[in-house]
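One is the number of the first residue; the rest follow in order along the sequence. Computed from a predicted model, the values in this text were never measured in an experiment.
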Amino acid sequence: MTKFPHLKQDFAASLVVFLVALPLCVGVAVASGVPAELGLVTGIVGGIVTGLMRGSSLQVSGPAAGLTVLVFEAVQEFGLPALGVIVLATGLLQIAMGALKLGRYFRAISVSVVEGMLAGIGLVLIAGQLYSLIGTKAPESGLEKIAGLPGALVDAFGSTAALASLAVGVGTVAVLVLWKRLPAKARTVPGPLAAVGLATLAALVLDLPVATVEVQGLLGSIQPPSLGAFGDLANVGLLGTIVAFTLIASAESLFSAAAVDRLHDGPRTEYDRELLAQGAGNTVCGVLGALPMTAVIVRSAANVQAGARTKASRVLHGVWLLLFAALLPNLLAYIPLPALAGILVHAGAKLIPVRAIVPLWREHRGEALILVVTAVSIVAVSMFEGVLIGLALAVVKTAWEASHIRIDFVDKGAGPVLAYLSGNATFLRLPKILDSLEALPQDRPVELDLSGLHHLDHACRTALENWAERHSDAGTEPVRVTMAA
């Protein structure tokens, strides 16, 4: 035991994480439009391969609700065989970024963009899974999903099967919401497992006409990408999808690592090593034709709260997933699909920072606007374009704030007018600078003091020189300019 002093705590934590991960792995796979077993494969790889590597000691990786929408779109557009190529390329890019020590730079991404990205994913995920709750097919685009919901729900009330499916899904969400309020002893069983277990039991006992998970068997589901599938890399759309997978999976994993670090007092995350670990896991998942992985905050938080002390807990959770997939895969066939949809509706709702938006609007309206625009863009356009719009807005906002400038005038009534410029003079603030200077009396000499400027770009320098020449041409004394030392 001296070699593994925390084995007891890690063993107990691994069982809790396994019970949390099992329904989520299956639910994410089904929602992504791939065989349920591929979700388990990604969970196994996330536990055993990524879990053994250095980076974040208590963070748990696996298939994530945050990538569900992107994976579904990719499978619909390029087909399931191309998924392995996309995930493999994503893993190799993450390994390259980790080796080049680019992991730390993901911490520079605006938090509002990441929260907006997750909120947009959450909205699309909820809209799509509400159709699964009533056992019907969801439209493809985010806007169509939202616009079509009222009609779909009205139609559901005329169908016995749809009502049964809706009851199972709503019951699952209710159990998840109420589970936290139960006594601690009852909460020994994780909420997601309890919700799915109760839904499965209800469907069996009441013989409800609801769809259940299709089981293909672990080996039957694994489809390594063929050599022909790599020819799709010539497709520009596929390359864009790979970039989207890489950026979003990496950002989500590293932001999750920062959140997990705040939950415990153990070793801090090594961001570049964590990116390497995520890349290695996604490379293996790509070779197996499975779902992409990210670090998952729900599982990671459960791991920390269950008392995990080392990475042994996450590796063991991968072992338990492997044993389940190898020995008891047929149990999946009893799980109702609306129960999994309920799990993902609940997960999607947790991605939307409803409580944080109002305080953020009061204190930092620019950041709140970036969050909302990013989320709406993802719903209205697509995941990749929405994130790019959010990043562009964040860059523009930062550039605008970085170009802050102050202009002070001292006019004693006689002699020259003193104009002091301080801050950063960039082209973004040129209109303000020129409006202020051109409003000065033409018949008074001016002393322009630029010694308080931290930065003066070429556009501002040229504009100030031209203004000084025009003011001096009016017959007054030449403008005297004091530059920074």
Got [X] and [Y] here, is their nearest side-chain heavy-atom distance under 4.5 Å?
| X | Y | answer |
| --- | --- | --- |
| Val210 | Ser165 | yes |
| Trp320 | Leu19 | no |
| Val196 | Tyr334 | no |
| Leu331 | Phe324 | yes |
| Cys285 | Val49 | no |
| Val45 | Met293 | yes |
| Phe230 | Leu88 | yes |
| Thr212 | Ile335 | no |

Derivation of the side chain to side chain contact (heavy atoms under 4.5 Å, CB included) call for Val260 and Val304:
CA-CA 8 Å; Val260 173; Val304 175; 4.1 Å; yes
Looking at [X] and [Y], would you say the former's side chain and the latter's main chain have a donor-acceptor pair under 3.5 Å?
| X | Y | result |
| --- | --- | --- |
| Ser132 | Pro338 | no |
| Thr374 | Val113 | no |
| Ser32 | Val34 | no |
| Ser14 | Phe11 | yes |
| Ser253 | Ala249 | yes |
| Arg314 | Ser61 | no |
| Tyr131 | Lys145 | yes |

Return the minimal non-hydrogen interatomic distance between [X] and [Y], and the atom names on each side.
| X | Y | answer |
| --- | --- | --- |
| Pro190 | Trp179 | C-NE1, 4.0 Å |
| Ile86 | Ala74 | CD1-CB, 4.1 Å |
| Ala89 | Ile242 | CB-CD1, 3.7 Å |
| Gln129 | Ala31 | NE2-CB, 3.3 Å |
| Leu58 | Arg309 | CD2-C, 3.8 Å |
| Phe157 | Leu163 | CD2-CD2, 3.6 Å |

Residue pair Leu204, Leu201: steps toward the side chain to side chain contact (heavy atoms under 4.5 Å, CB included) verdict
CA-CA 5 Å; Leu204 286 171; Leu201 187 63; 5.6 Å; no
Without hydrogens or angle criteria, can the side chains of Asn303 and Ser313 be said to hold a donor-acceptor pair below 3.5 Å?
yes
How about Ser56 and Glu274: does a side-chain donor come under 3.5 Å of a side-chain acceptor?
no
Does atom CZ of Phe78 have more than 12 heavy-atom neighbours, drawn from other residues, nucleotides or ligands, at distances under 6.0 Å?
yes
Report, as yes or no, whether the 6.0 Å neighbourhood of atom CD on Glu214 holds more than 12 heavy atoms from other residues, nucleotides or ligands.
no
Could you check Leu247 against Val387 for side chain to side chain contact (heavy atoms under 4.5 Å, CB included), going step by step and ending with a plain yes or no?
CA-CA 9 Å; Leu247 293 178; Val387 172; 6.0 Å; no
Residue pair Leu52, Lys311: steps toward the side chain to side chain contact (heavy atoms under 4.5 Å, CB included) verdict
CA-CA 7 Å; Leu52 282 170; Lys311 61 185 178 183; 5.5 Å; no
Nearest 0.5 Å, please: how far is [atom2] in [Y] from [atom1] in [X]?
| X | Y | atom1 | atom2 | answer |
| --- | --- | --- | --- | --- |
| Leu15 | Asp10 | CG | CG | 11.0 Å |
| Leu22 | Leu40 | CG | CG | 6.5 Å |
| Lys101 | Glu270 | NZ | CD | 9.5 Å |
| Leu130 | Leu125 | CG | CG | 9.5 Å |
| Ile357 | Ile352 | CD1 | CD1 | 8.5 Å |
| Lys397 | Ser112 | NZ | OG | 7.0 Å |

